[in-house]
Amino acid sequence: MADVRTVLNNPFEPGSGAVPPIWVGRDDELADISSRLVPRRRAGLFERGRTYLGDPGLGKSVLVNRIAEERARAGDLVAGPLRMALGRDPLAALADVLAPLVPAGERVAGRVTSALERVREVGLLGARVGMTVADEDRYASLSDLVEGLAVLASETDRLLVIRVDEVQNLSGAGLSQLLTILGDALEMQMPATDVTGNRVMEYAPVVVLLSGLPAFPERAAAAGATFSRRFATTYLDPFTDDEVRAALAFAFADGYEVLTDDGPALVHLEVAAREALVEVCLGDPFLFQLAGAAAWDASPGAVLTAADVRTGWDRVRREVGAHVRQRTAGLTELQLSVLTAAARADGEQANGTTLAQAVGRRASSDIGSTLQALVTKRLLALGPDGYRVVSRAVARSLAGG
Ligand SMILES: Nc1ncnc2c1ncn2[C@@H]1O[C@H](COP(=O)(O)OP(=O)(O)OP(=O)(O)O)[C@@H](O)[C@H]1O
Ligand SMILES: [Mg+2]
C-alpha cells in the first residue's frame, strides 16, 4: 500500500503568498470587499481603497491575492500582483502590471492602447536604459493609462482592480506619485445614464488594494500624500483559536481528499490533533502553515494524529524561534524588557505602572515613550484594563513557554 500522506499532497504551505488550500478566518475583511466595496464601486458610488497592514507572516499578501482571484473569477480586470521591491521605480512597476490588461486590438479601446504606447515610450524605455525622462511626462502617461483602463472596465461592465504589495518599500517622490495616481483613479468620474435615462456622473469602477508592513502610513504621511483619506486601513490580527479550529474542522469534515500512488484517498484529522494544532500555532498564520506541514510529514498514515503534531512541531522548533524573534528584532533593550513583562502577565492585561515597576522604574510615565513605541509597532495593544501582547506566539516565546 502506498503512503497516504506524502510531501507531494501536503496541503500546508508555510511561506507562500499564494492562497492556501486550507483557509482560515478573515471573514470581516472578505465581507467588507464583497458586500460593500464591490457593490458600491459597481454602482458608480465612491468607495475608498483598502490598505492591509501587519507584521511579516500575518497574511497580507494571501488576503489580497484571494480577493484578486475572486475578482478575476468574476470576470473583472485584475492587474498585478505588483510587489514593490526596494529601490524599484514605482511608476515603471505600475506600468508593467497594467500593460497586460490592454487589449491587443487597437479597435477595442483606442484610448487605452495609445496611452500605453506613450507610457512605454517615455516611461519604461527611459527607466530601462537609464535615460532621465521628464517626470511629468511619465506621470501624465501613466495617469492616462489608468484612466483608459478604467474607461475600458466601465464600458465592459467590469471593475479595474489594482493591487500593490510591500508598500513599505516606497518612499519619497515615488511614493507620493504612485499614491496620487491611485488616489486620482479612485476619484475619477465618468458620465453615465441612470435608470430614468438621465445623464449623471459616476465614479469609475476602480478598486485599489495596498498591503505591507505597519511602517507604511508614517511614510505616506511624510511624503505628503493624501493617503489616509483615500484608503481605509485595516491592521490584520492573528487568528482566534476558534477560527483555526473551524477552518480545520471544515477542511477535514469528510476527510481531506488527496491523490496517492494508489489513486485518491482521504486523510482524517483526529480531534486531539486539531486541538494540538490550535494550541501550537496560537493564531499565527505562518506558524499554522508551518505546524500543519510538519505534522502532515510526520507520518504517512491516513489519520493525522496528535502525536504527528507534536513530532512535527519538535522538528520545526528552530524555525518557530526565528519567526518569532524576527518580530522583536530591532527593539531597544528597554522595549524588549517591557514587552517581556507584558508577556509574563499571561494573557491578562497589565497596566502601565505594573510594567514600569517590572523593569525597575516607578511610574507609568517613566516608560511612556517606550509603551507608545510598542503600540505603534503593533506589538502591544492598549485595552480597557491595560496593555497586552498582540501576538500570543510572541508572548509565549518571551515568557519562555
Ligand atoms: N487566511 C489564511 N489562512 C491560512 N493560512 C494563511 C492565511 N493567511 C496567511 N496564511 C499563511 O501565513 C503565511 C504568511 O502569509 P503571507 O505571505 O500572506 O504573509 P504577509 O503578511 O504577506 O507576510 P510578509 O510581510 O512577510 O510579506 C503563509 O504561509 C500563508 O499560507
Ligand atoms: Mg507578503
Side-chain angles (χ1 to χ4, degrees), residues 7 10-34 50-70 80-86 88 93 97 163-170 209-217 219 233-252 256 269 274 277-278 280-297 312-313 316 319-320 322-330 377-379 390-394:
V7 290
N10 192 328
F12 294 95
E13 298 177 341
S16 165
V19 181
I22 300 181
W23 179 267
V24 183
R26 304 301 179 223
D27 293 352
D28 291 348
E29 288 78 10
L30 293 172
D32 164 60
I33 297 292
S34 61
R50 295 290 188 269
T51 305
Y52 301 103
L53 301 176
D55 281 333
L58 264 191
K60 308 172 291 288
S61 302
V62 155
L63 174 63
V64 170
N65 289 341
R66 169 150 178 180
I67 296 167
E69 274 183 21
E70 281 173 11
L82 194 174
R83 299 186 63 215
M84 271 321 310
L86 205 59
R88 186 167 179 209
V97 295
R163 53 189 155 141
V164 185
D165 199 3
E166 314 276 5
V167 285
Q168 77 280 353
N169 287 334
L170 290 160
L209 307 170
L210 307 179
S211 48
L213 298 178
F216 174 66
R219 298 257 170 90
T233 298
T234 301
Y235 289 89
L236 293 186
D237 282 322
F239 306 136
T240 64
D241 284 349
D242 277 340
E243 286 175 327
V244 176
R245 195 171 278 128
L248 288 170
F250 179 77
F252 287 90
Y256 190 89
L269 182 70
R274 187 183 78 200
L277 280 172
V278 168
V280 294
C281 78
L282 289 180
D284 183 288
F286 173 73
L287 294 186
F288 169 72
Q289 296 288 340
L290 190 66
W296 189 276
D297 290 342
W313 187 247
V316 294
E319 232 188 304
V320 174
H323 171 67
V324 174
R325 269 194 306 280
Q326 182 200 17
R327 297 282 187 79
T328 54
K377 288 176 195 290
R378 305 272 312 163
L379 284 164
V390 173
S391 160
R392 287 179 289 149
V394 168

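Computed from heavy atoms alone, side chains included, the values below leave out hydrogens, waters and symmetry copies. In this chain, residues are counted from 1 in sequence order. Please read all numbers here as calculations on a predicted model, not as lab measurements. We count ligands from 1, going down the list as the structure has it; atoms in each ligand are counted the same way.
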Atom 18 (O) of ligand 1: which protein heavy atom is closest, and how many Å away?
V62 N, 2.8 Å
What's the shortest distance from atom 9 (C) of ligand 1 to any protein heavy atom, and which residue and atom give it?
G59 CA, 3.4 Å
Donor-acceptor pair, S16 side chain versus E13 backbone, under 3.5 Å?
no
For ligand 1, which atoms have a heavy atom of G15 less than 4.0 angstrom away?
28 (C), 29 (O)
Would a distance-only check, ignoring hydrogens and angles, find a side-chain to backbone donor-acceptor pair under 3.5 Å from S391 to A393?
yes
Quick one: does ligand 1 sit under 4.0 Å from the side chain of Q289, the backbone, both or neither, non-hydrogen atoms only?
side chain
For F288 and F12, take the angle between the two ring planes, folded into 0 to 90°, and tell me which bin it lands in: parallel under 30, tilted 30 to 60, perpendicular over 60.
perpendicular
Which atoms of ligand 1 are found less than 4.0 Å from any heavy atom of P14?
29 (O)
Taking distance alone, with no angle check, do F239 and ligand 1 share an N/O pair under 3.5 Å?
no
The atoms of ligand 1 lying under 4.0 Å from a heavy atom of W23, numbered in the order shown, are 1 (N), 3 (N)
More than 12 non-hydrogen atoms from neighbouring residues, nucleotides or ligands closer than 6.0 Å to CZ on R88, yes or no?
yes
Nearest heavy atom to atom 13 (C) of ligand 1: which of F288, F12, F286 does it belong to?
F286
Heavy-atom pair of closest approach, residues Q168 and L213
OE1-N, 3.0 Å
From S211, does some N, O or S atom reach closer than 2.8 Å to the Mg ion (ligand 2)?
no
Any sub-3.5 Å donor-acceptor pair from N65's side-chain atoms to G17's backbone N or O?
yes
Using a 4.0 Å cutoff against the non-hydrogen atoms of E13, which atoms of ligand 1 qualify?
29 (O), 31 (O)
With a heavy-atom distance limit of 4.0 Å, tell me whether S16 approaches ligand 1 through its side chain, its backbone, both, or neither.
backbone
Taking the six-membered ring for Trp, are the ring centroids of Y235 and Y52 within less than 6.0 Å of each other?
no
Taking K60 for its side chain and D55 for its backbone only, find out whether a donor-acceptor pair lies under 3.5 Å.
yes
Near V24, which atoms of ligand 1 are under 4.0 Å from a heavy atom of that residue?
1 (N), 2 (C), 3 (N), 4 (C)
Could you tell me whether L213 approaches ligand 1 through its side chain, its backbone, both or neither, with non-hydrogen atoms closer than 4.0 Å?
side chain
Just so I know, are the side chains of D297 and V7 near enough to count as touching, which here means a heavy-atom distance under 4.5 Å?
yes
For E166, the ligand 1 atoms whose distance to one of its heavy atoms is below 4.0 Å:
27 (O)
Nearest-neighbour protein heavy atom for atom 22 (O) of ligand 1, which is reported as residue plus atom name and distance
S61 OG, 2.8 Å
Between E243 and T240, is there a donor-acceptor pair closer than 3.5 Å when you use the side chain of the first and the backbone of the second?
yes
Return the residue, atom name and 0.1 Å-rounded distance of the protein heavy atom closest to atom 23 (O) of ligand 1.
G57 N, 2.8 Å
Tell me, which protein residue and heavy-atom name are nearest atom 10 (N) of ligand 1, and how many Å apart are they?
P285 CB, 3.7 Å
Which atoms from ligand 1 have a heavy atom of I22 less than 4.0 Å away?
3 (N), 4 (C)
N/O to N/O below 3.5 Å, does that happen between L58 and ligand 1?
yes
Taken to the nearest 0.5 Å, the spacing of M84 CE from S211 OG works out to 12.0 Å
Regarding R378 and D237, does a basic nitrogen lie under 4.0 Å from an acidic carboxylate oxygen?
yes
So between R83, H323, K60, R66, whose heavy atom ends up nearest atom 20 (P) of ligand 1?
K60
